[in-house]
There are 2 protein chains.
Amino acid sequence: MNLKEPILTKAILLFAEKGFAGLSMRQLAKEIGISVATIYHHFPDKQSLYQEAVLFAFSDKEQIFTELWDRPSSAEQKLSDFIRITTEFLVQDRDFHRLIQREILDANPERMRLLAQTVFKKQFEFLLLLSAELAPGRDTHLTAISIVSLVKHQLEMLPLRRHLFGWKPEHEAPEVITEHVTGLLLMGPKG
Amino acid sequence: MNLKEPILTKAILLFAEKGFAGLSMRQLAKEIGISVATIYHHFPDKQSLYQEAVLFAFSDKEQIFTELWDRPSSAEQKLSDFIRITTEFLVQDRDFHRLIQREILDANPERMRLLAQTVFKKQFEFLLLLSAELAPGRDTHLTAISIVSLVKHQLEMLPLRRHLFGWKPEHEAPEVITEHVTGLLLMGPKG
DNA sequence: GTCTATATGGCGATAGAC
DNA sequence: GTCTATCGCCATATAGAC
């Protein structure tokens, strides 16, 4: 049987958890239950495996949102849906989220460009249109990033937040986060 | 001369850049211009060096905000000042920011607890008071986190944002980010 | 396409001289 | 307190049998 896809699948999981330098080829092979040489049959070196794994992880993720933008709903409703879908997705696919975090932290310009132009381009352009409609007086780029920030960073901060004052278990629920972020964005602080 | 502090200083820089697994003791020694054995004279092992470096990096950071909370200004002004100070600080001390990101990504529960209770405790409690005053109807914990998110994540996304539609060089300026985030929070999307 | 065996080098850590 | 020299191990990567 061809082991290329199983290798990529396990690699995504373990690279997300340990980072590039933190995962050895031996560990990866052991986890899959194959030999190191088999990995090297499918990938020329560790770096290539990593890059292919990242692309593989991102390959099917674009579709999740496509249906959303076509709905004949109001801008407010679309924002609310976008926040909910993104939150649920990031909560459900933690490995993917950790991989994004690591990639952005690494900040390799070429890989950033690739990511921006292949995976996020379309979603971000829809988000820009939405920002222009919802916050006409504001810089749309900064507003769109702010929307993403509120969703993504709420989740990224969880390990730390758990130890900060006022935290409650329900703050980890996707629907609670969604409601808070949506309300803050649509109605402002006083709403 | 005692090399403990120079070791810690360089370690902060390189751990922030490469991560724990990505930096070897040999590389670190070479960068400082000393031998590996000298590092091991001051620190029992790599893990201890890392943890001490992280604590050292955070040790003097708490003071930056203390003066702010004592000022006799309005809640709106305090929020604006907090956002500005935080943005400028994170832009200026990128190594520190990257170290925070790595620590949160690692998510070691014990280290998270330590970080929350030593470095962020006081600032976060002031931020909670501010959130309660500015957004009385909302969950103060979530609001406070949202404020942090808007500042911190705007900067973390920079490597990716540069390749997304609508980005302009001025979006990297602390004062532009500050103004956007402050406006969004205080006046909502329509403001 | 997968394996066992191995080459080569860098790794964390230590011994012992100065 | 700092060094040179070295141990034993694990890393990436390859050779060659099946």
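Values below: every heavy atom of this structure, side chains too, minus hydrogens, waters and symmetry copies. Naming: A, B, ... by sequence-line order, numbering from 1 per chain. Because the structure is a prediction, the values reported are computed rather than measured.
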To the nearest angstrom, how far is [X] atom [atom1] from [N] atom [atom2]?
| X | N | atom1 | atom2 | result |
| --- | --- | --- | --- | --- |
| B:K18 | C:dG10 | NZ | P | 14 Å |
| A:I34 | C:dT4 | CD1 | P | 11 Å |
| A:K30 | D:dC10 | NZ | C1' | 12 Å |
| B:I39 | C:dA13 | CD1 | P | 11 Å |
| A:H41 | C:dT4 | NE2 | P | 16 Å |

Point to revise | Aromatic centroids of A:H163 and B:F124 separated by under 6.0 Å | key: no

Check your understanding: Between B:F96 and B:F58, is the ring centre distance below 6.0 Å?
Key -> yes

Point to revise | Derivation of the salt bridge (charged side-chain N to carboxylate O under 4.0 Å, His left out) call for A:E17 and A:R98 | key: CA-CA 7 Å; A:E17 193 184 316; A:R98 284 166 75 88; over 6 Å; no

Check your understanding: So, is B:T38 close to the D:dC3 phosphate, meaning a side-chain N or O under 4.0 Å from OP1 or OP2?
Key -> yes

Practice item. Could you check B:I104, B:I100, B:V148 and say which one makes a side-chain contact (heavy atoms from CB on, under 4.5 Å) with A:L160? Key: B:I104

Exercise for review: Ignoring hydrogens and angles, tell me if any N or O in the side chain of B:H180 forms a donor-acceptor pair with the backbone of A:L142 under 3.5 Å.
Suggested key: yes

Exercise for review: Using modelled atom types only, decide if a donor and an acceptor are shared between the side chain of A:R102 and the backbone of A:A16 within a distance under 3.5 Å.
Suggested key: yes

Practice item. Please list residues of residues 3-14 of chain B whose heavy atoms come under 4.0 Å from any atom in DNA chain C, ordered by number; otherwise none. Key: none

Exercise for review: Sugar-phosphate means primed atoms, P, OP1 and OP2; the rest is base. With that split, encode nucleotides 12-18 of chain D 5' to 3' as B, S or - using protein heavy atoms under 4.0 Å.
Suggested key: BBBB---

**Study point:** CA sep, side-chain torsions, deciding dist, call: A:T140, A:L130, side-chain contact (heavy atoms from CB on, under 4.5 Å)
**Key:** CA-CA 9 Å; A:T140 50; A:L130 206 57; over 6 Å; no

Donor-acceptor pairs under 3.5 Å, side chain of residues 165-175 of chain A to any protein atom, not counting sequence neighbours: which ones?
{"unit_1": "A:H171", "atom_1": "ND1", "unit_2": "A:K168", "atom_2": "N", "d": "3.1"}
{"unit_1": "A:H171", "atom_1": "NE2", "unit_2": "B:D139", "atom_2": "OD1", "d": "3.2"}
{"unit_1": "A:H171", "atom_1": "NE2", "unit_2": "B:D139", "atom_2": "OD2", "d": "2.7"}
{"unit_1": "A:E172", "atom_1": "OE1", "unit_2": "A:R162", "atom_2": "NH2", "d": "3.1"}
{"unit_1": "A:E172", "atom_1": "OE2", "unit_2": "A:R162", "atom_2": "NE", "d": "2.6"}

